[in-house]
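Everything on this sheet refers to the single structure shown next.
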Amino acid sequence: MHREQALDTICHAFESSCIEVFQSLNCAISPIENTDLDIEEIPAARIDAGNSDFEITISLHLPFSTLAMTYPVQDDIATVDEGKLEDWIAELSNRLMGKLKFKLESRNCSLNTGLPSCSFGTEALDELPENGNLFVYHFDIDNEVFETSISVELFSDEVSLSDEQDSDDGVSEGEIEFF
């Protein structure tokens with residue numbers, strides 16, 4: 001696949017992965033136009049993945065209120081420890097990368113993924129590759145806005161990514177395949 005088409009395919013898969021991850025948490029999520037979200041003081045997580053054709057890095061910037069709202073144990077979300085919420089944003093970035101990886105693997109594109117890391121503010125963006133193409137998305141969950149981004153660094157003009165998704169590869173999302 002040519003580089004511009006590959007970028008479009010990866011970005012579309014990323015945006016739909018964002019929506020699906022939060023829908024799986026029973027959140028009403030909708031994409032919104034660019035907003036003036038101040039990410040200086042909010043938790044962030046980043047995770048990367050890649051292969052011989054490209055490297056992708058994704059980051060999530062979610063305010064504590066959004067993290068508490070999506071936290072899986074809802075007994076008393078007002079008193080959830082900030083440390084647990086920092087672990088939760090790392091888990092959310094991991095889930096997002098897993099969803100994206102599954103979508104790309106259905107296009108015969110395997111990825112090696114890294115581990116998530118947490119920071120605050122723009123630190124997650126400071127570590128993005130200099131030669132990457134950066135795409136920023138904003139979403140609304142119950143009038144709470146958050147930001148997510150993907151940086152895609154392509155190493156060649158042609159990328160090993162199928163135009164069509166496989167209809168059935170024998171492994172469902174979330175399953176482990178043993179060799």
Side-chain angles (χ1 to χ4, degrees), residues 3-50 54-72 74 77-78 80 82 84-104 106-107 111 113-154 161 173:
R3 73 184 300 121
E4 291 304 319
Q5 186 181 5
L7 276 174
D8 287 345
T9 300
I10 293 167
C11 288
H12 177 72
F14 175 71
E15 185 176 18
S16 65
S17 294
C18 290
I19 292 169
E20 291 170 18
V21 164
F22 287 95
Q23 284 177 337
S24 74
L25 298 168
N26 298 319
C27 295
I29 181 173
S30 58
I32 58 174
E33 291 298 315
N34 193 3
T35 182
D36 293 330
L37 178 66
D38 182 13
I39 63 171
E40 287 295 321
E41 299 297 322
I42 62 175
R46 73 181 277 288
I47 187 169
D48 59 3
F54 62 89
E55 178 82 18
I56 56 177
T57 305
I58 62 174
S59 67
L60 288 173
H61 294 88
L62 289 110
F64 279 113
S65 57
T66 306
L67 287 170
M69 183 183 353
T70 60
Y71 193 70
Q74 292 290 312
I77 62 172
V80 177
E82 284 187 10
K84 289 181 180 179
L85 294 179
E86 288 173 23
D87 289 344
W88 179 234
I89 194 170
E91 173 60 23
L92 286 172
S93 70
N94 197 41
R95 288 182 184 196
L96 178 55
M97 182 60 81
K99 181 76 74 173
L100 178 60
K101 181 178 177 178
F102 182 78
K103 288 178 180 290
L104 295 179
S106 73
R107 293 179 173 273
L111 293 175
T113 58
L115 296 173
S117 63
C118 296
S119 61
F120 279 87
T122 59
E123 289 178 38
L125 295 176
D126 293 341
E127 298 175 17
L128 294 177
E130 289 181 21
N131 297 327
N133 300 281
L134 181 65
F135 302 91
V136 178
Y137 300 89
H138 294 94
F139 295 94
D140 178 282
I141 297 176
D142 293 335
N143 296 319
E144 295 284 338
V145 176
F146 73 93
E147 178 179 295
T148 184
S149 64
I150 183 169
S151 172
V152 183
E153 183 178 8
L154 299 171
L161 192 62
E173 183 177 4

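For the numbers below, each heavy atom of this structure counts, side chains included, while hydrogens, waters and symmetry mates do not.
Atom-to-atom distance recorded for T66:OG1 and F22:CZ is 8.0 Å, nearest 0.5 angstrom. Between K84 atom NZ and Y71 atom OH the span is 5.0 Å, to the nearest 0.5 Å. We find the CD1-CD1 distance between I141 and I29 to be 4.5 Å, quoted to the nearest 0.5 Å. Between atom SG of residue C18 and atom CD of residue E147 there is a gap of 11.0 Å, rounded to the nearest 0.5 Å. If you take OG on S117 and CD1 on I89, they are separated by 10.5 Å, rounding to the nearest 0.5 Å. Rounding to the nearest 0.5 Å gives a distance of 13.5 Å between CZ of R3 and CG of L161.
Taking the side chain as every heavy atom from C-beta outward, P31 and E15 approach each other to under 4.5 Å. Side chains of N133 and L7 form a contact here, defined as non-hydrogen atoms less than 4.5 Å apart. Between E20 and S24, the closest side-chain pair of non-hydrogen atoms is not below 4.5 Å. Under the 4.5 Å side-chain criterion, counting only non-hydrogen atoms from C-beta, F64 is in contact with P43. Within the 4.5 Å cutoff, the side chain of S17 has heavy atoms near those of the K103 side chain. Residues L96 and L100 form no side-chain contact, since every pair of their non-hydrogen atoms from C-beta on lies 4.5 Å or further apart. Side chains of S30 and F139 form no contact here, defined as non-hydrogen atoms less than 4.5 Å apart.
Closest heavy-atom contact between M97 and D48: CE-C, 3.8 Å. Across every non-hydrogen atom of A13 and L104, the tightest pair is CB-CD2, 4.4 Å. The two residues S59 and T148 make their nearest non-hydrogen contact at O-OG1, 2.8 Å. The shortest non-hydrogen separation linking E144 to S65 is OE1-OG, 2.8 Å. In terms of heavy atoms, G50 sits closest to E55 at CA-OE1, 3.9 Å.
Residues that satisfy the side-chain hydrogen bond (donor to acceptor under 3.5 Å, both in side chains) test with R95, not counting sequence neighbours, are E91.
F14 has its ring centre no less than 6.0 Å from the ring centre of F135.
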Residues I58, S149; criterion side-chain contact (heavy atoms from CB on, under 4.5 Å); working and verdict: CA-CA 6 Å; I58 62 174; S149 64; over 6 Å; no

Given side-chain contact (heavy atoms from CB on, under 4.5 Å), test L111 with I56 step by step and report yes or no. CA-CA 10 Å; L111 293 175; I56 56 177; 4.1 Å; yes

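Checked by atom type, the side-chain pair T57/S151 shows no donor-acceptor distance below 3.5 Å.
Partner F146 forms a side chain to side chain contact (heavy atoms under 4.5 Å, CB included) with one of L67, L92, L62, I32 and no other, that one being L62.
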